Participant: 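Quick one: the structure is below, questions incoming.
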Amino acid sequence: MQKFGWTYGGVDFYLPGDGGQKVYRLWHPKTYYHHYTASQKEIDNLVAEGWVLEGFAFYSGKDAENPIPVYRVFNLPAAYGTHSYTTDIAQRDAYVNMGWRNEGIAWYSVEEMK
């Protein structure tokens, strides 16, 4: 992917494996874009707009002992919009300073598994 301008940044967050809040994956048949959300209201809105609910993707760490927020930002100027997810507040703020919209906490992760 580096030939497209992307650079691998490493692991950004960990998930508990089971338990916690369910996060779902949706797919848009025209853009081939995948979207992840824990919000039933957002799922309902996106399905009404033509997205396909692919189902349960993973559990978040919302119920973990020390949940770590995963922030979601949105870049509307991209061809069909795109999301990025991060636990790093500085990275979130850098995206926002470049014009991305801060959408708040998407779900929670857990501490690194050792």
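The figures that follow rest on heavy atoms only: side chains count, while hydrogens, waters and symmetry mates do not. These numbers come from a predicted model, not from an experiment. Start at 1 with the first residue, then count along the sequence.
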Participant: Sequence neighbours left out, what passes side chain to side chain donor-acceptor pair (under 3.5 Å) with Arg72? Give chain and number order.
Facilitator: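 Checked Arg72 against side chain to side chain donor-acceptor pair (under 3.5 Å); matches are His35, Glu42, Glu103.
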Participant: Check ring pair (Phe, Tyr, Trp, His ring centres under 6.0 Å) between Tyr24 and all other residues, then give those that pass, not counting sequence neighbours.
Facilitator: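 So Tyr24 forms no ring pair (Phe, Tyr, Trp, His ring centres under 6.0 Å) with any residue.
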Participant: To check you understand the geometry: which heavy-atom pair defines the closest contact between Val52 and Pro29, and what is its length?
Facilitator: CG2-CD, 4.4 Å
Participant: Is there a continuous path of hydrophobic side-chain contacts, each under 4.5 Å between heavy atoms, that joins Ile89 to Ile105?
Facilitator: yes
Participant: With sequence neighbours left out, what residues match Tyr71 under ring pair (Phe, Tyr, Trp, His ring centres under 6.0 Å)?
Facilitator: none
Participant: So if you build clusters from Ile, Leu, Val, Met, Phe, Trp, Tyr with side-chain heavy-atom gaps below 4.5 Å, do Tyr33 and Trp27 land together?
Facilitator: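 No, it is not one cluster - the side chains of Tyr33 and Trp27 are not joined through contacts under 4.5 Å.
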Participant: Can you name the residues that form a side chain to side chain donor-acceptor pair (under 3.5 Å) with Asn97, not counting sequence neighbours?
Facilitator: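 So Asn97 forms no side chain to side chain donor-acceptor pair (under 3.5 Å) with any residue.
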Participant: Linking Ile, Leu, Val, Met, Phe, Trp and Tyr through side-chain heavy atoms less than 4.5 Å apart, which residues share a cluster with Val73?
Facilitator: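 Its cluster mates, by chain and number, are Tyr95, Val96, Met98, Trp100.
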Participant: How close do Ala106 and Ala38 get, counting heavy atoms only, and between which atoms?
Facilitator: O-CB, 4.0 Å
Participant: Below 4.5 Å, heavy atoms only, C-beta onward: do Tyr59 and Lys22 meet side chain to side chain?
Facilitator: yes
Participant: Answer yes if Leu46 and Ile43 sit in the same cluster of Ile, Leu, Val, Met, Phe, Trp and Tyr residues linked by side chain heavy atoms under 4.5 Å apart, and no otherwise.
Facilitator: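 Yes.
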Participant: Where do Pro67 and Tyr108 come nearest, in terms of heavy atoms and distance?
Facilitator: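 Shortest heavy-atom contact: CB-CD2, 3.7 Å.
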Participant: Can you confirm whether more than 12 heavy atoms, excluding those of Tyr32, are under 6.0 Å from its OH atom?
Facilitator: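 Result for OH/Tyr32: open.
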Participant: Quick one: salt bridge (Lys or Arg N to Asp or Glu O under 4.0 Å) pairs with a partner in residues 43-54, sequence neighbours left out?
Facilitator: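 Every pair satisfying salt bridge (Lys or Arg N to Asp or Glu O under 4.0 Å) with a residue in residues 43-54: Arg25-Glu54.
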Participant: Angle between ring planes, His28 versus Trp51, binned at 30° and 60°: parallel, tilted or perpendicular?
Facilitator: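 Perpendicular: the ring planes of His28 and Trp51 meet at over 60°.
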Participant: If you count every heavy atom of other residues, nucleotides or ligands that lies below 6.0 Å from Gln40 atom CD, does the total exceed 12?
Facilitator: yes
Participant: Looking at NE2 of His83 and CG of Asn75, how far apart are the two atoms once the value is rounded to the nearest 0.5 Å?
Facilitator: 10.0 Å
Participant: Using the six-membered ring wherever Trp is involved, compare the ring planes of Tyr85 and Tyr36 and label them parallel, tilted or perpendicular (cut-offs 30° and 60°).
Facilitator: perpendicular
